[in-house]
Amino acid sequence: MTVEERYHFKNIEPKWQQKWEEENIYCTPDSSDRPKYYCLEMFPYPSGKLHMGHVRNYSIGDVVARFKTMQGYDVLHPMGWDAFGLPAENAAIKHGIHPADWTWDNIENMKSQLKQLGLSYDWRREVATCHPDYYRWTQWIFLKLYERGKCYKKTASVNWCPSCATVLANEQVVDGACERCDTKVEQRQLEQWFFRITDYAQRLLDDLELLSGWPEKVRVMQENWIGRSEGAEVKFKVTGTDEELEVFTTRPDTIFGVTYMVLAPEHPLVETLTAGTEYEKDVADFVKKVRNMSELARTTAEKEGVFTGAHCINPLSGERIPILVGNYVLLEYGTGAVMGVPAHDQRDFEFATKYKLPIRPVIQPEGRVLQAEELKEAYTGEGVLINSGEFNGMSNKEAIKAITRKLEGNNQGRAKVNFRLRDWLISRQRYWGTPIPIIYCKKCGAVPVPEDQLPVVLPTDVDFDPSGKSPLVDNPDFVNTTCPKCGGEAKRETDTMDTFIDSSWYFLRYTSPRETKGPWDKEAADRWMTVDQYIGGVEHAILHLLYSRFFTKFFHDLGLINNREPFKNLLTQGMVLKDGAKMSKSKGNVVSPEEIIDKYGADTARLFILFAAPPERDLEWSDRAVEGCNRFLNRVWRLYYSLLDEIKDAPPVQNAAKLVGVHRELRRITHQTIKKVSEDIEKRFNFNTAISAIMELVNAVYTYRDKVPQAERNSSVLREALESAVLLLAPFAPHITEELWQALGYRESVHRQAWPNYDEAALVENEVTIVVQINGKVRDRVLLPADTGVEDMKKYVMEQPKVRQLISGKEVIKVIAVPGKLVNVVVK
RNA sequence: GCCGAAGUGGCGGAAUUGGCAGACGCACUGGACUCAAAAUCCAGCGGGGCUCACCCCCCGUGUGGGUUCGACUCCCACCUUCGGCACCA
């Protein structure tokens, strides 16, 4: 095969893409003796067009997959579509296109764009969550959760997005607004489906320790989101009734400092305690006012409260304590009621000061006497108990245990762990999602659809209401059915599932994507899981990653898989910026991947995006730098073109040890580059420095070609350098390297070659430059044999005329020598 | 407010274990090639001083201190930017 004089990516790229597809070179075999490696990038929502964030995500993953393949691993590298979701439905309402058509068209379009990038996916394993063969198993998983009591329906105050016309999970509310459309979220009382993720709170927290391959940042975010706190639940008897008021506190040691109690406005006792009293109206007005506030307004409002007229009894001191209702107490956390200890909690302090409630210190810091009147803020530190009866003098740390024990003994309380994490609200009042497989029967109530009747197919013949109301609600063919239990008339659930459910198990489906007997084949799942490397945006740090971990644990408990965690190593890539801001239509700073690929080719686009910054960091787009990468590929091409005849029939390097001078040096650079590129990819994912090392190798070959006359060149060394450069560059720029590889005379794909190994002996330098410092400042450099010992180095350096001159008349205090590096002379 | 990450030339970034700061690339400047341009190639490119040829010297990794023979790297304090959490009792 001959090589053209100029690099025409427009011919080369489609040619190889087609060849690779014909020969199925990226298809993962069903069985193999090689060790497995599962490389996964977060699958995209099929919005219609690829953006630069996708290009970055998938370029990173492709380098990893190709590198691991060349290293001899059996690599699973699949791609698919997170294909349910609101934009499809909005397109239907706006443009009259059916969500299914819209979605499948987009998938087709994006798939061809992905193919143009030359990504090494096994397309036979493609999945789309909106396909009945997929969501059938999403429904199956729902039924398993239902069966095991991990799925339930309840009426609760939920987040409602008026623009999306649906409820949202807690995780989908950001700063009181819908994470999708930024509309202010309202609170509504609705009956909704939940998954009991809170049952897994402790395990989700504990197993973060297994995830040493995750960024610390993501682990901390999950830890905060789960929000474990240890404390106690304490019962206070309400005076004059049989009622008991229960509170959760992390500070049972301050119980003698309680001077009031506060209930959440939604707390059931509020009505009970005030009914028929003179306080009823004031309290009801207050509750109404607070309830009408949005969550955001409520959390930013100043603390307010009103007295209910009721009192309760401190279980340890017997003291009578007033009960208030407060806007800052949340019903959903703990028991929906808190004890007020103004001396030792800043919020309580502010509240008590505002309403002139008493403040009583019960913890005394060492060496200081706390006087209630003098306090300017709550004392939240450690100390010794005072004003606390039998516990006086005890350290507060001990008192936490002692008081909890005492309460437990009296049946007035118990140790308790609370989590910030709430159950996952999974139902959505929208059409384009997985139907919830539940049937409501007048006689039997909510009945799960039997497994053999799955999937509950989403009907496609539906009309869309501009209000966003789900077309399922008014679709009699879908809604009306018979009860699986009694055969009587019944109605289907019309809510669909949160799309995060679809994406919480797709990584398992890839292991056996056409399995019909279950969501996946256990043997296949056990062979491939866990995902060795997961790559995606940090915006999924909580939602998707937490839900997937929850599902994995649930599947593990059911014996469906052996692994406990889905993703062993996680790489969170940074954003692609233009002019310092995230690319967005509204800012008008979008660079389209299509244009770039058309102008420079996929190899250039990939190379730039990997070269411009390390993957975790944000990347600033630069058209000029893209041109630079294109220039580099042209430079590589020209180098091959000019040397191809010379190296075509060159044998492998023999008697490497006997090489000298420039030939030895070129070989050293070749092997040093192999080492550096291998380590940069493997250990650090620093593709930018790997690429710069390849550039240096190419520069070195240029220098060799231009400085050494042709007759004197060592064609074997030259060939080794050029061949290595192609192999090292192959994961980054798959098309050009394939073309050059074949030009070297090989028939088999470069992507099926073994990753090059470096020869340790070739790395050894005979002579090294030693830096000479005087008092830590570089003053000279000397060339010494690489194996020169410490004493010889010192001796040699001290004899240098320049050194003698610089230290003359000064006292040499000591001389430090680091072999291969430097000599530092310390003088006074 | 709390937690975390980062701060290095005109720009993106490098320095992996405390040992030559600025690799590689972009931009820029000068030169070669050309009738000319593009492309390509060569050289220069942190700031300042001194020579103004070579050399040499001083300063320099957000700021101020410290440890060390030696600090972009370790420690303390502070400033700035970005990200996350934020009545969670």
Novice: So, OP1 or OP2 of C87(B): does either fall under 4.0 Å of a side-chain N or O from R420(A)?
Specialist: no
Novice: For V290(A), enumerate each residue passing the side chain to side chain contact (heavy atoms under 4.5 Å, CB included) test, keeping only those at least two apart in sequence or located in another chain.
Specialist: P265(A), F286(A), R298(A), N327(A)
Novice: Roughly how many Å is it from CG in L330(A) to P in A86(B), rounded to a whole number?
Specialist: 11 Å
Novice: Can you give one letter per nucleotide of nucleotides 1-10 of chain B, 5' to 3': B if a protein heavy atom sits under 4.0 Å from the base, S if only from the sugar-phosphate, - if neither?
Specialist: ----------
Novice: Heavy atoms under 4.0 Å, any strand shown: does A301(A) hit a base, just sugar-phosphate, or nothing?
Specialist: base
Novice: Could you tell me how far apart L729(A) (CG) and C24(B) (C1') are, to the nearest whole angstrom?
Specialist: 14 Å
Novice: Is G9(B) in the syn range, within 90° of 0, or in the anti range?
Specialist: syn
Novice: Expressed as a whole number of Å, how far does the P atom of C72(B) sit from that of U8(B)?
Specialist: 15 Å
Novice: Take atom C1' in C20(B) and the same atom in U61(B), then report the distance between them in whole Å.
Specialist: 15 Å
Novice: Between M695(A) (CE) and G13(B) (P), how many Å, whole number?
Specialist: 15 Å
Novice: Pick out the pairs of N or O atoms, protein on one side and nucleotides 68-74 of chain B on the other, that lie under 3.5 Å.
Specialist:
unit_1 : atom_1 : unit_2  : atom_2 : d
C69(B) : OP1    : K814(A) : NZ     : 3.3
C69(B) : O2'    : N824(A) : ND2    : 3.3
C69(B) : O2     : N824(A) : ND2    : 2.5

Novice: Can you tell me how far the CG atom of L577(A) sits from the CZ atom of R617(A), to the nearest 0.5 Å?
Specialist: 12.0 Å
Novice: For K217(A), I'd like to know if atom NZ has over 12 heavy atoms of other residues, nucleotides or ligands within 6.0 Å.
Specialist: no
Novice: Does anything in residues 250-270 of chain A form a ring-ring contact (aromatic ring centres under 6.0 Å, His included)? List the pairs, not counting sequence neighbours.
Specialist: Y260(A)-F351(A)
Novice: When you compare A71(B) with U16(B), how far apart are their P atoms, in angstrom units rounded to a whole number?
Specialist: 16 Å
Novice: Please classify the nucleic acid contact of K675(A) as base, sugar-phosphate, or nothing, using heavy-atom distances under 4.0 Å.
Specialist: nothing
Novice: Would you mind reading off the distance between W621(A) atom CH2 and G12(B) atom P, rounded to a whole angstrom?
Specialist: 16 Å
Novice: Can you tell which of L205(A), L204(A), L545(A), L211(A) makes a side chain to side chain contact (heavy atoms under 4.5 Å, CB included) with Q222(A)?
Specialist: L545(A)
Novice: Roughly how many Å is it from CD in E627(A) to P in A38(B), rounded to a whole number?
Specialist: 13 Å
Novice: For E304(A), which residues count as a salt bridge (charged side-chain N to carboxylate O under 4.0 Å, His left out) partner, sequence neighbours excluded?
Specialist: K289(A)
Novice: Could I get the full list of side chain to side chain contact (heavy atoms under 4.5 Å, CB included) partners for R638(A), not counting sequence neighbours?
Specialist: N634(A), R635(A), Y702(A)
Novice: Could you tell me whether the phosphate oxygens of C59(B), OP1 or OP2, come under 4.0 Å of any side-chain nitrogen or oxygen in K777(A)?
Specialist: yes
Novice: How long is the line joining CD of Q672(A) and P of C24(B), in whole Å?
Specialist: 13 Å
Novice: Filter on side-chain hydrogen bond (donor to acceptor under 3.5 Å, both in side chains), then keep only pairs touching residues 774-790 of chain A, sequence neighbours left out; what's left?
Specialist: none
Novice: Base, sugar-phosphate or nothing for R228(A)? Non-hydrogen atoms, less than 4.0 Å.
Specialist: nothing
Novice: Under 4.0 Å between a side-chain nitrogen and a carboxylate oxygen: does that hold for K235(A) and E233(A)?
Specialist: no
Novice: Using nucleotides 40-46 of chain B, report all nitrogen or oxygen pairs with the protein that are shorter than 3.5 Å.
Specialist:
unit_1 : atom_1 : unit_2  : atom_2 : d
U40(B) : O3'    : R638(A) : NH2    : 3.1
C41(B) : OP1    : R635(A) : NH1    : 2.7
C41(B) : OP1    : R638(A) : NH2    : 3.3

Novice: Going through the checks in order, is the ring-ring contact (aromatic ring centres under 6.0 Å, His included) test met by W424(A) and Y547(A)?
Specialist: CA-CA 9 Å; W424(A) 177 11; Y547(A) 295 150; 3.6 Å; yes
Novice: Regarding V247(A), tell me which of base, sugar-phosphate or nothing describes its non-hydrogen contacts under 4.0 Å with the strands shown.
Specialist: nothing
Novice: Regarding Q187(A) and R291(A), is there a side-chain donor-to-acceptor distance under 3.5 Å anywhere?
Specialist: no
Novice: For F611(A), answer base if it contacts any base atom (sugar-phosphate contacts may also be present), sugar-phosphate if it contacts only those atoms, and nothing otherwise; contact means non-hydrogen atoms under 4.0 Å.
Specialist: base
Novice: Mind checking if G227(A) touches a base, just sugar-phosphate, or nothing, with heavy atoms under 4.0 Å?
Specialist: nothing
Novice: With side chain to side chain contact (heavy atoms under 4.5 Å, CB included) as the test, would you mind laying out the steps for L421(A) and W225(A) before giving the verdict?
Specialist: CA-CA 6 Å; L421(A) 183 74; W225(A) 190 264; 3.6 Å; yes
Novice: Closer than 4.0 angstrom, basic N to acidic O: yes or no for E350(A) and R347(A)?
Specialist: no
Novice: Taking atom C1' in both A15(B) and A39(B), compute the distance separating them and give it to the nearest angstrom.
Specialist: 34 Å
Novice: Run the side-chain donor-acceptor check on residues 685-696 of chain A: report pairs under 3.5 Å with partners two or more places apart or on a different chain.
Specialist:
unit_1  : atom_1 : unit_2  : atom_2 : d
T689(A) : OG1    : D680(A) : OD2    : 2.8
T689(A) : OG1    : N686(A) : O      : 3.0
S692(A) : OG     : T689(A) : O      : 3.0

Novice: Heavy atoms only, 4.0 Å cut-off, all strands: where does D348(A) land among base, sugar-phosphate and nothing?
Specialist: nothing
Novice: In terms of the nearest nucleotide of RNA chain B, which residue is placed more toward the 5' end: C629(A) or R779(A)?
Specialist: C629(A)
Novice: Using the P atom on both, measure C75(B) against G19(B) and round to a whole Å.
Specialist: 15 Å
Novice: Determine whether the side chains of S642(A) and R705(A) contain a donor N or O and an acceptor N or O closer than 3.5 Å.
Specialist: yes
Novice: Hey, is the side chain of R347(A) pairing donor to acceptor with the base of C87(B) inside 3.5 Å?
Specialist: no
Novice: Does any residue of residues 676-688 of chain A have a heavy atom under 4.0 Å from RNA chain B, and if so, which ones, in number order?
Specialist: K676(A), D680(A), R684(A), N688(A)
Novice: Identify the heavy atoms of Y333(A) and S229(A) that sit nearest to each other, and give their distance.
Specialist: OH-OG, 2.8 Å
Novice: For E230(A) and C88(B), give me the distance from atom CD to atom C1', rounded to whole Å.
Specialist: 15 Å
Novice: Which string of ( ) [ ] | and . matches RNA chain B, if you list each base 5' to 3' and count Watson-Crick or G-U pairs only when both distances are under 3.5 Å?
Specialist: (((((((..(((......[....))).(((((.......))))).((((......))))..(((((..]....))))))))))))....
Novice: OP1 or OP2 of A89(B) versus the side-chain N and O atoms of S229(A): is any pair under 4.0 Å?
Specialist: yes
Novice: Separation of L577(A) atom CG from C82(B) atom P, in whole Å?
Specialist: 13 Å
Novice: Below 4.0 angstrom, N of the basic side chain to O of the carboxylate: do E209(A) and R219(A) qualify?
Specialist: no
Novice: So that I can tick it off, tell me whether E679(A) and R684(A) are bridged by a salt bridge, with the cut-off set at under 4.0 angstrom between side-chain N and carboxylate O.
Specialist: no
Novice: Can you name the side chain to side chain donor-acceptor pair (under 3.5 Å) partners of Q805(A), sequence neighbours left out?
Specialist: none
Novice: Mind checking if S622(A) touches a base, just sugar-phosphate, or nothing, with heavy atoms under 4.0 Å?
Specialist: nothing
